J.: 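Before anything else, here's the structure in question.
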There are 2 protein chains.
Amino acid sequence: MLSRDGEIGFSIRKLAQRIGVDPMTVLHHFGSKDELLRRIADRALATVELPLTSTDWQADLRKVAEAYRNLAHRHPRLFHLHFRYHTTGPADHASSEVVYRALQSAGLTDAEVAGLGLAFYAFILGYSLAEAEGLLRPISPDDEAELRTLDPLACPVTLALIPAFKGLDRNAAFDMSVNAFIEGVARRNA
Amino acid sequence: MLSRDGEIGFSIRKLAQRIGVDPMTVLHHFGSKDELLRRIADRALATVELPLTSTDWQADLRKVAEAYRNLAHRHPRLFHLHFRYHTTGPADHASSEVVYRALQSAGLTDAEVAGLGLAFYAFILGYSLAEAEGLLRPISPDDEAELRTLDPLACPVTLALIPAFKGLDRNAAFDMSVNAFIEGVARRNA
DNA sequence: CCAATAAAGTCTACAGTGTAGCCATACTCG
DNA sequence: CGAGTATGGCTACACTGTAGACTTTATTGG
């Protein structure tokens with residue numbers, strides 16, 4: 001399955017065999033493998049569960065962020081595809097509309113809405129991708145052993161933080177981070 | 001060249017032919033193609049120009065963010081590799097040490113430093129990746145034409161923002177965004 | 001200095017990939 | 001009914017990573 005293994009190890013021939021048709025049939029249907037992956041990514045991205053816009057722009061932003069994180073959780077390999085074939089379907093436009101509307105009602109100028117909106121997007125996509133790729137996972141014993149080999153003179157803070165990494169609460173970390181961004185935005189026009 | 005074309009279109013055989021050796025030679029040297037790409041990504045990541053830590057933690061964070069963005073600008077396809085083979089070399093540890101030290105001197109708890117530090121990383125990596133992939137590019141006439149086909153009832157704000165997207169100043173947008181995050185962090189313990 | 005050992009490089013072969021080109025079949029519309 | 005068009009499938013081709021055996025080169029120990 002693509003959600004588990006990602007684009008790597010995925011081939012038209014295997015897919016065709018699994019669904020019992022000729023490889024050329026599926027290829028003709030989609031034109032090329034790239035186009036097939038693009039369509040799959042589109043389809044998966046469209047399942048993001050967007051919030052209805054409310055009067056609380058901060059809550060709206062939080063909900064959009066959570067929606068994309070949940071999506072990444074459902075399809076861990078999706079965002080790789082999204083970054084590769086920057087697919088922007090209807091669902092993307094709908095969610096970016098929510099983001100822009102939220103930022104606009106926060107009282108920002110158009111330039112700020114555009115810049116910060118795209119940045120907010122990049123942030124939640126990057127965070128979701130990093131999390132899905134295992135970069136934000138609470139460190140394993142192996143990781144810890146590797147960290148402990150660091151030079152204590154060069155990386156004292158990192159070494160001191162090892163317990164914090166081990167006990168990392170990913171949900172709390174995500175909330176903290178989104179809140180920090182939102183707080184910074186709110187403070188900008190205050 | 002890998003910086004231009006990325007992992008796609010890159011093959012051991014082409015590389016070997018370019019440098020005039022047998023493909024098997026390079027393969028035996030690196031063990032596998034994955035290992036080769038990992039090593040290349042390591043090497044490129046190590047060229048990030050880290051700042052010396054100062055007494056101004058906000059300036060330090062800004063410098064780290066800029067350093068990674070510059071790196072992504074030099075090697076547009078690098079961060080795809082980084083996310084795929086989450087390579088964490090010495091340079092990464094050095095730069096994350098800077099980030100953690102900065103956040104710590106901002107007065108955060110260890111859990112906050114760990115969570116926000118990783119999030120800051122994910123943010124600048126995601127932003128750099130998005131920018132390198134062209135997601136944050138000022139929109140082209142084609143993009144504009146596509147945007148104009150959106151339903152004005154569903155996406156009024158997006159449509160109204162088209163001029164802002166056309167005139168998007170990427171540097172300013174990046175500074176704004178990093179500042180928003182930093183501001184949010186600073187405000188957290190105030 | 002030479003022989004033994006290890007390392008590095010090279011050739012061949014294999015299984016797997018995307019896909020162009022061509023043919024058969026089915027389905028639609030005048 | 002017949003012509004045209006979309007759809008599915010077969011073969012072939014150029015390309016990939018890499019396992020395995022073999023040859024050359026370098027290194028090291030006596």
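Please read these numbers as outputs of a predicted model, since none were measured by experiment. Order of the sequence lines sets the chain letters (A, B, ...), proteins ahead of strands, with each chain counted from 1.
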J.: For the base of C:dG18, is there a side-chain donor-acceptor partner from A:Arg13 under 3.5 Å away?
T.: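 Indeed there is one.
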J.: NE2 of A:His29 versus P of C:dG18: gap in Å, rounded?
T.: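 Computing the A:His29:NE2 to C:dG18:P distance gives 18 Å.
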J.: Assert yes or no for the condition that the ring centre distance of A:Phe123 to B:Phe120 is strictly below 6.0 Å.
T.: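 Centroid separation for A:Phe123 and B:Phe120: 6.0 Å or greater.
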J.: Does any non-hydrogen side-chain atom of A:Asp42 lie less than 4.5 Å from one of A:Tyr85?
T.: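 Contact flag for A:Tyr85/A:Asp42 side chains = no.
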J.: What's the CD1-C1' distance between A:Ile12 and D:dT16, to the nearest Å?
T.: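 Rounded to the whole Å, the gap is 15 Å.
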J.: Given C:dA8, is OP1 or OP2 found less than 4.0 Å from the side-chain N or O atoms of B:Thr25?
T.: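 Checking C:dA8 against B:Thr25, no side-chain N or O comes under 4.0 Å of OP1 or OP2.
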J.: Between D:dG17, C:dT10, D:dG9, which nucleotide gets closest to the side-chain atoms of B:Ser11?
T.: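 Between D:dG17, C:dT10, D:dG9, the one nearest the side chain of B:Ser11 would be D:dG17.
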J.: Please give, in whole Å, the distance from D:dC13 C1' to A:Met24 CE?
T.: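 Nearest whole value for this atom pair: 12 Å.
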J.: Using whole Å, what does the distance between atom P of nucleotide D:dG8 and atom CG of A:Leu27 come to?
T.: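 Rounding to the nearest Å, CG of A:Leu27 and P of D:dG8 are 12 Å apart.
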J.: If you draw a 6.0 Å radius around CD in B:Glu144, do more than 12 non-hydrogen atoms from other residues or ligands fall strictly inside?
T.: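 Counting other residues, nucleotides and ligands, CD of B:Glu144 exceeds 12 neighbours.
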J.: Can you tell me the distance, in whole Å, between the CD atom of A:Gln17 and the P atom of D:dC10?
T.: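 From A:Gln17 CD to D:dC10 P: 13 Å.
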J.: DNA chain D: B:Lys14 or A:Gly20, which has the more 5' nearest nucleotide?
T.: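 Of the two residues, A:Gly20 wins.
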J.: NZ of A:Lys33 versus P of D:dA14: gap in Å, rounded?
T.: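 So the NZ-P distance, A:Lys33 to D:dA14, works out to 21 Å.
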J.: What integer distance in Å separates B:Leu36:CG from D:dT16:P?
T.: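 Whole-Å distance recorded here is 14 Å.
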J.: Does any non-hydrogen side-chain atom of B:Leu136 lie less than 4.5 Å from one of B:Tyr127?
T.: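 They are in side-chain contact.
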J.: Take B:His28 and B:Ser32, find for each the nucleotide of DNA chain D with the closest heavy atom, and name the residue whose nucleotide sits nearer the 5' end.
T.: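 Its nucleotide being nearer the 5' end, the pick is B:Ser32.
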J.: Provide, to the nearest angstrom, the distance between the CG atom belonging to B:Leu37 and the P atom belonging to D:dG17.
T.: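 Answer to the nearest Å: 9 Å.
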